[in-house]
Amino acid sequence: MFDLITRDIKYLPGVGPQRAAVLNKELNIHSLHDLLYYFPYKYVDRSRIYYIREIDGTMPYIQLKGEILSFESVGEGRQRRLVAHFSDGTGVVDLVWFQGIKYLLGKYKLHQEYIVFGKPTLFNGRFNIAHPDVDSLSEQKPASMGLQPYYNTTEKMKRSSLNSRALEKMMVTLLQQLKEPLEETLTPAILAQHHLMPLTEALRNIHFPASAELLRKAQYRLKFEELFYVQLNILRYTKDRQCKYRGYVFSRVGEIFNTFYNQNLPFQLTNAQKRVLKEIRRDLGSGRQMNRLLQGDVGSGKTLVALMSMLMALDNNFQACMMAPTEILAHQHYETIKEFLYGMNVRVELLTGSVKGKRREAILKGLLTGEVQILIGTHAVIEDTVNFASLGLVVIDEQHRFGVAQRARLWQKSVQPPHILVMTATPIPRTLAMTLYGDLDVSVIDELPPGRKPIATIHQFDNRRESLYQSLRRQINEGRQVYIVYPLIKESEKIDLKNLEEGYQHVCEAFPDCLVCKVHGQMKPAEKDAQMQLFVSGEAQIMVATTVIEVGVNVPNASVMVIENAERFGLSQLHQLRGRVGRGAEQSYCILVTDYKLAEDTRKRLEIMVRTNDGFEIAEADLKLRGPGDLEGTQQSGVAFDLKIADIARDGQLLQYVREVAQTIVDADPTGSLPENELLWRQLKRMRKDNVNWAAIS
Ligand code: ADP
Ligand code: MG
C-alpha cells in the first residue's frame, strides 16, 4: 500500500501540479492523507427524485429528472441570463444562469434526460432554479444517488473550476485507489468497547455515506477519535509533569489562616468560596503540584479566595506571590489585601515597574531573606532579578494576559515548581475549558456574595441620545460615576480612535461641569495610569475609554456603563465590560447603544445581555453563536484548535465522555509502556510532530 501521508496530491489522477498548487494554498491540502481528511460540511439527500407538479415553494434543495424543451436568452448587459425551460411531463420549471452562457449552450443538449438539482423559488408566478447542478443520467452514478457530500471551497478555487463537485470527484478517485484498509488509529479494545466503526469504513462513509445511519456512525467514530487524541495529549502531558515534579506539601492550616478567618474576615464566605477553598486545600496538601484554574464571574470574590490560599502557604513557611496584568490592578490588590490583613503580622509588598531604587532593593532583599511573605505585582515579579527564599504559591489574576511561557518562567523561581492558581473572570464553558486548559484543574465560584443588586441592562438606539444623557446626568448628580466605552478593533484602529476622540469631545460639551477622563490603548502607560487614577479617586465623573478598562478595575462608585456601538462587541466582552459596574450598594445600569438597523444574530446577542447576568449562560450562548475559534482567550492559550469534524459547542457531551476514556488509559498506563496501548502513544507522537501547537504545550 502506498503511504497516504507522504504521497503528494499532485499525483492523484485528475489533479496535476496546477490544481495541486491551488489545493496547497487554499486548503492546506498537500498529501492524499490531507485530502482524505477534508470532510464535507453538509450532505444533501439525492435518493429521491421529485415531480415538478409537487413543487410548492417551501422546498429545500430537490432533485428533478426531465429534459430541456428550449433555451432562451433574456435581458441585456449585466442583466443578461440564460433560461432553460425544463420539463418532466408533470410541469415546467425554468433553469436560470447568469454566467457562462456560451459554455452552457454548448454543454447541454435539448431533449436529453438530465438530473437537475437545486432550490426552486417562485418568481413572477413561475418556479425557477438558479444555477442548478445538471448531470446527464450516465454521469449520475448509483453511489451518488444517496447522500451527496458538499465541500467548502474558496473563490480562488472556484475560478480554477475546483468546486465542490470537483473535490467530490477527487474523493471518488482516491477511495477507488484505496484497495487495502488504512492502518487503524485506535486500539481494538477502544473500538470494541465504544462500538466504533473501523477507520477506513468511517472515512468511506464520511465522504459517501451509504445511508444516514452509516453517516452518523462514521461521524461519531471520527469525532470520537479527534477529541480523544486532544484529551490524550493534554492528560499525557499532565501525567508526565506530575511524575517529573513533586509539589510542596502544605500539611497544616495554622495560625495565620485561622487568625484571619476568625478575626479579620469581615463577612461570611459564600458556599461557593468555601467549596473552592476546600478544593485548593486538598491540592496543596496532596504532594502534587497544583495547577488550578479558578473561574468566577466578576465580583464573585476571587481575590479573597486567592488571599486565603496564600495564607495557607504562609502557615507552612512558604512565601506567596500574586501577579496582575496592570499596575493599577496590582495596586488595587495590594490595597485590598493590606486592608484585609489589617492588624496581622504579615509583611506584604508591592513590586511594579515603577518601584525603583532603595525601595526596590529593600523588597528584593526581603524576598531573599523570607521576611517579605506576600509579594503583589505586575510582570515585574518574573524578572530575573526577583528571587525568593521559598516561593510556594503563585496566584495569577486575569490569566489570559499571561502566556504559557510566562507561567513557565515562574517555575524557575523556586527549587521545585510552586503551586499555581490562575484566576479568570472570563467564564469559559466547561467543555471549552477542558480542551483549552486541560492541564489545569478547574474550580468555579458560581455564586455572588449576598446583597448585590443585579445590574439592569438596557438596549437603546443611538438616535435617543438626549434622553440617554439626561439619565446619565441624574446619576452624576447623585454622586455616581459613569463609564462610556467605544469599540476598538485592530483593523479599523484609526477610524475607531477618531470615533473615540469625537465621542470624547461630544461628552465634554454635553457635560461642561464634569471632569471627563480618557483612556485608550495607544497612550503611554504613565499617561494612561494618570487618567485612570483620576477616575479611581473620584475626581473625574466620566471616563471615556476603549476596552482597555475591561480587566479587573474596581471603582464601586461607578454605577453606569454605557457601551457605544454595542453591536460590534462579542457577548463575553460585553459581559466583562458590564462587570465593571454593580460593585457598590447602588442600583447599577449597563446601557447598550446601537444603530437602529441590526442583523438578526446581533439582535439575539443583545437580547441575551438584557435577559441575563449569568456569565456562564452568556459564555455558552456565545460559544453557540460564534463557535470556539472566536472566543476570547483561545488565541493566546497556545492549544491546538484545528478541529476538523468535532464541534466544541455541539459535542460537549462526547468531549466529556472521551476525556474519561483517555483519563482511564493514562491512569492505568502512567508511564506509557503497556504494549496494548503502544498504538495510541505512537499515534500521539505522530500527531504532536505534525501539529506545531500540540508540540508547544508538551
Ligand atoms: P472578583 O471575583 O471580580 O475578583 P472581588 O474579589 O474583587 O471579585 O470581590 C468583589 C467584592 O466582593 C469585594 O469588595 C470583596 O471584598 C467582596 N466580597 C468577596 N467575598 C465576599 C463575601 N463572601 N461576602 C460579601 N462580600 C464579599
Ligand atoms: Mg478580581
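Please read all numbers here as calculations on a predicted model, not as lab measurements. Atoms within each ligand, like the ligands themselves, are counted from 1 in listed order. Along the sequence shown, residues are numbered consecutively beginning with 1.
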Element-labelled atoms of ligand 1 that are located less than 4.0 Å from some non-hydrogen atom of Thr270: 23 (N)
Modelled atom types, side-chain donor and acceptor of His331 and Thr352, under 3.5 Å: no
Option with minimal heavy-atom separation from atom 1 (P) of ligand 1, where the choices are Gln273, Lys302, Glu339: Lys302
Residue and atom name of the nearest protein heavy atom (relative to atom 3 (O) of ligand 1), distance in Å to one decimal: Gly299 N, 2.6 Å
Non-hydrogen atom of Thr336 closer than 4.0 Å to ligand 1: no
Distance filter under 4.0 Å to Gln268 heavy atoms, resulting ligand 1 atoms: 22 (C), 23 (N), 24 (N)
Ionic contact status for Glu349 with Arg359, cut-off 4.0 Å: yes
Asn291/Gln289 under side chain to side chain contact (heavy atoms under 4.5 Å, CB included): CA gap, chis, key distance, verdict: CA-CA 7 Å; Asn291 260 284; Gln289 183 226 356; 3.2 Å; yes
Step-by-step side chain to side chain donor-acceptor pair (under 3.5 Å) determination, Asp397 to His333: CA-CA 10 Å; Asp397 191 15; His333 280 318; 2.6 Å; yes
Derivation and outcome, salt bridge (charged side-chain N to carboxylate O under 4.0 Å, His left out), residues Lys518 and Glu501: CA-CA 9 Å; Lys518 180 176 69 178; Glu501 293 296 347; 3.0 Å; yes
Intermediate values then yes/no, side chain to side chain contact (heavy atoms under 4.5 Å, CB included), Asn271 and Lys274: CA-CA 5 Å; Asn271 286 328; Lys274 283 186 197 161; 4.2 Å; yes
Criterion side chain to side chain contact (heavy atoms under 4.5 Å, CB included) on Val485 and Arg580, from CA distance to verdict: CA-CA 11 Å; Val485 174; Arg580 296 304 111 216; over 6 Å; no
Ligand 1 contact on Leu269 by region, counting heavy-atom pairs under 4.0 Å: backbone
Side chains of Glu279 and Ser443, donor plus acceptor under 3.5 Å: yes
Atom 14 (O) of ligand 1 touched by protein (heavy atom, under 4.0 Å): no
Arg275 and Asp446 ion-paired at < 4.0 Å: yes
Identity and distance of the protein heavy atom lying nearest atom 16 (O) of ligand 1: Phe267 CZ, 3.7 Å
Distance from atom 17 (C) of ligand 1 to nearest protein heavy atom, with residue and atom: Arg452 NH2, 3.8 Å
Of the listed options Gly582, Gly301, Pro266, closest to atom 8 (O) of ligand 1 (non-hydrogen atoms): Gly301
Atom indices of ligand 1 within 4.0 angstrom of Asp297 heavy atoms, with elements: 2 (O)
Pick from Leu329, Leu307, Thr303, Leu265: the one approaching atom 7 (O) of ligand 1 most closely through a non-hydrogen atom: Thr303
Residue part near ligand 1, for Met423, under 4.0 Å between non-hydrogen atoms: neither
Gly296 near ligand 1 by a heavy-atom separation under 4.0 Å: no
